[in-house]
Every structure is written in C-alpha cells, then in structure tokens.
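Read through the structure below, which is laid out as structure tokens, and then see the notes.
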Amino acid sequence: MVMRIDCKHVWDLISSYIDGEIEPELRKEIDRHLDHCSICSATIDSTRNIVVLVADERVYEIPAGFSKRLHERLDEVIHGEAPSSH
Amino acid sequence: MRDSRIMSQSMDRKANGKAEEDALIARILAGERDLFHELIRPYERIVYRMVYSMLGHEAEAEDAAQTAVIHAYTHLASYRGESRFSTWLVTIALNEGRVRLRKRSALREDSIDALGDDTPGDFTPALLTDWREIPSAALERKELREQLIKAMSELPAIYRDVFVMRDVEGLDIEETARGLSITPASVKVRLHRARRMMQKNLAPVLKGYASKSKGRIGGWS
C-alpha cells in the first residue's frame, strides 16, 4: 500500500531525516514528497544547512591569547592546591 | 548517519583515547598536577564555545571558560570515568554558563519558552523556497557568524543545551543525555525543536546569504 505523506508530517520528521534515523520505506515516501514539494525540500535544506554551519569551527572566533591566559590562571591554581572531590 | 562534514567538527577528532586519558587523570591525582595542562588542552576551545553559545559575550565567556576549567581541576577526583572526560567537562561548562545566566535579570528561562517533551507544541518551520544553502565560505563574514551565535543564545535553555552539545560539539545522543541527565528520547525531541526554531528564527536574516539553486542539495541518502 502506498503511504501518503503531507507537509506537516514531513516537518515533524525533519530532524530524524537529517540524522538518517528514518526507516527506509518512510524515507522513500518523504523523498517522493520532497521531489514535488519545493517548500518542504527548501525547509529541510535550510535546516540541514544550519546544522552544517554551526558545526564549523569558524563560527567561533577564539579570543587572541585565550589559551595563554587560561593556562596562566590554571597554573596559579595548580601550584596552590591539589585536586579534590569537593 | 550524520553528515561527515558535521562529524568532522566533533570533539572525537581531537580527543585522546579514554584509557589514555584515564591514566593521565590517575597521574594528576597521584601528584603530577602539571599534567592537567596536557589533559585540558584538547578541550579548551570546546569549553569556550560552549559558554560563548550561552552567554554571547566574549569577555564573560572567557572568564566562564576559565572558571569551568579550574572547577574541573579542583573537582577532578569526583570524575568517576563512567562518561568520557569531555562529556564531564562539557557538563561543568554548561553549569557555569547556567549560573551566569541566572545572575542576569533578563533571563529567558524554560518556563516561558519551552514545553514539556511530551507536549506537541507548534514548531512550524519558516516556510520558504529561496534558501537552499549558505555556503560555508560565507562564514568568513563576521555578521553571519554573529547571527548564528545570536540565534543559539536566544533559544530557550533546554533546547539550546541540547543543540550545542549535539550540533556544535558533536556529542552523540547517549553522551548528551548523560550530560544533561535526561533520556535519549528527550534529547531527540529537544534537538528537533531547537533545529526548527533555529531555522525559523534565522530565515528572515539569513536568506540574503543563500544561494538560490532550484534543485535539492545533493547527498541526502
């Protein structure tokens, strides 16, 4: 039997679709929907695009000297006290 | 499977092996304290990114990152090794960010914007046809980076935490669930909502960066 899938159903599955967590049959059905629904396909593309962009290290500009300052501050603590569980 | 481009940014790439890390931690606790520098070095940028995503302010994020790392050192003996060190550290960074957010009077908190994980809610995405893909090269533009970070920092806390751990830091579902003390099912629900909110909130400001190809982006299956 051919399943009919509507836009709202696709929106509910965007995240699972992007992560490849959809059963093959349902995925095929979504793909068929995306082939003719430009809104849903653009919605999934743009969502996935965000996921790709935020994972890019260039999004975060680490302040110049961050590492040096961190280890200097850490050094003061390390030479002042031993680690504990408290 | 998650896209290889996404996973390439994950902390897995930089992390030491767990056994090697556990041995390093044992030596630090036995008195070789200076080795903590070596332990923390692969993760210091991750800690910064985590708190910056929450606080959206460079100087405060640096101070918060330092505080989180120092907390990790002073409490190292409480790390039990059940999760990876990186997961434990990210949880500490998350808590430090939360403490600072709570101190801000204009805190957007979960009760206002977030729903229970079992509540359907209306998470309609921005419906559009003219944003297919913003090429990664556009990240060279500072205003794009700022828009992405602003959108993340404006997510309700329970969605932002999951979004940053999964999509920014590349932790898997189990690690994220353990770090936040929630179920894997809740991680999936919150991540789905976070992504849809990000898409909806970014659509009006990011459309101008998008390439307008007609077809779908390849490599879906």
Side-chain angles (χ1 to χ4, degrees), chain A residues 7-8 10-22 24 27-28 30-31 34-35 37-63 65-67 69-86, chain B residues 1-3 5-6 9-10 28-29 31 33-34 36-37 40-41 44-45 48-49 52 58 62 65-66 69-70 73-78 123-134 136 139-140 145 148-149 152 163 167-168 170 188 191-192 195-196 198-199 202-203 210 216-217 220-221:
Chain A
C7 295
K8 182 146 190 338
V10 171
W11 304 339
D12 288 341
L13 295 168
I14 287 175
S15 200
S16 304
Y17 184 93
I18 289 173
D19 288 341
E21 294 171 348
I22 303 271
R27 188 176 184 91
K28 273 187 207 164
I30 293 173
D31 285 340
L34 296 177
D35 283 341
C37 181
S38 58
I39 289 180
C40 281
S41 62
T43 302
I44 287 191
D45 281 351
S46 57
T47 305
R48 186 170 185 268
N49 189 204
I50 288 170
V51 174
V52 171
L53 289 174
V54 298
D56 194 306
E57 288 196 337
R58 284 174 294 180
V59 171
Y60 293 86
E61 213 169 342
I62 306 294
F66 165 75
S67 182
R69 289 189 294 275
L70 171 69
H71 286 277
E72 282 171 357
R73 189 167 161 191
L74 195 52
D75 229 19
E76 289 171 18
V77 178
I78 285 175
H79 292 118
E81 63 178 299
S84 74
S85 57
H86 305 298
Chain B
M1 288 295 128
R2 298 186 74 208
D3 189 293
R5 284 175 298 173
I6 300 170
Q9 300 296 332
S10 82
I28 295 165
L29 292 172
R33 299 184 204 173
D34 280 319
F36 190 79
H37 289 287
I40 209 74
R41 212 173 286 279
E44 58 195 42
R45 294 167 70 91
Y48 178 83
R49 289 199 300 262
Y52 187 56
E58 193 175 291
E62 176 162 350
Q66 289 181 357
V69 168
I70 288 167
Y73 169 74
T74 56
H75 293 74
L76 190 61
S78 67
F123 289 87
T124 307
L127 305 178
L128 43 80
T129 57
D130 53 355
W131 170 7
R132 290 281 173 179
E133 182 179 21
I134 297 170
S136 294
L139 288 170
E140 298 299 329
R145 302 197 297 268
L148 290 168
I149 289 169
M152 277 188 264
F163 184 81
D167 284 347
V168 177
K188 289 184 183 182
L191 181 64
H192 176 69
R195 286 171 171 175
R196 280 172 69 160
M198 287 287 287
Q199 189 266 1
L202 285 167
R216 289 170 55 204
I217 299 172
W220 285 93
S221 51

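In the text below, chain A, chain B and the rest are named by the order of the sequence lines, each starting its count at 1.
- Under the side-chain contact (heavy atoms from CB on, under 4.5 Å) criterion, B/Ile70 pairs with A/Arg73, A/Leu74, A/Val77, B/Thr74, sequence neighbours left out.
- The heavy-atom pair separating B/Asp34 from A/His79 by the smallest distance is OD1-NE2, 3.3 Å.
- Contact annotation: the side chain of A/Asp19 never approaches that of B/Lys188 to less than 4.5 Å [non-hydrogen atoms, C-beta and beyond].
- Looking only at side-chain heavy atoms (C-beta outward), B/Tyr52 and A/Ile62 stay at 4.5 Å or farther from each other.
- Rounding to the nearest 0.5 Å gives a distance of 10.0 Å between NE2 of A/His71 and CD of B/Gln66.
- Under 3.5 Å, the side chains of B/His192 and A/Asp12 contain no donor-acceptor pair of N or O atoms.
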Side chain to side chain contact (heavy atoms under 4.5 Å, CB included) for A/Ile50 and B/Phe163? Distances and angles first, verdict last.
CA-CA 11 Å; A/Ile50 288 170; B/Phe163 184 81; 4.2 Å; yes
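- Between the A/Arg58 side chain and the B/Leu139 main chain, no donor and acceptor come within less than 3.5 Å of each other.
- Proximity to chain B (any heavy atom under 4.5 Å) is restricted, for A/Leu13, to the backbone atoms N, CA, C and O.
- In this structure, B/Asp167 contributes its side chain and A/Val51 its backbone to no donor-acceptor pair below 3.5 Å.
- With a 4.5 Å cut-off on non-hydrogen atoms, B/Leu191 touches chain A through its backbone and its side chain both.
- Note: A/Phe66 and B/Tyr48 meet the aromatic proximity criterion, with ring centroids under 6.0 Å apart.
- Of all heavy-atom pairs between B/Ser136 and A/Asp56, the closest is CB-OD2, 4.0 Å.
- Although no hydrogens or angles enter the test, the distance criterion places a donor-acceptor pair under 3.5 Å between the side chain of B/Arg196 and the main chain of A/Trp11.
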Under the side chain to side chain contact (heavy atoms under 4.5 Å, CB included) criterion, do A/Ser67 and B/Arg45 qualify, and how do the steps go?
CA-CA 8 Å; A/Ser67 182; B/Arg45 294 167 70 91; over 6 Å; no
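- Using modelled atom types and a 3.5 Å distance limit, the side chains of A/Thr47 and B/Arg195 yield no donor-acceptor pair.
- Here the CG-NE2 distance, from A/Asp75 to B/His37, works out to 3.5 Å after rounding to the nearest 0.5 Å.
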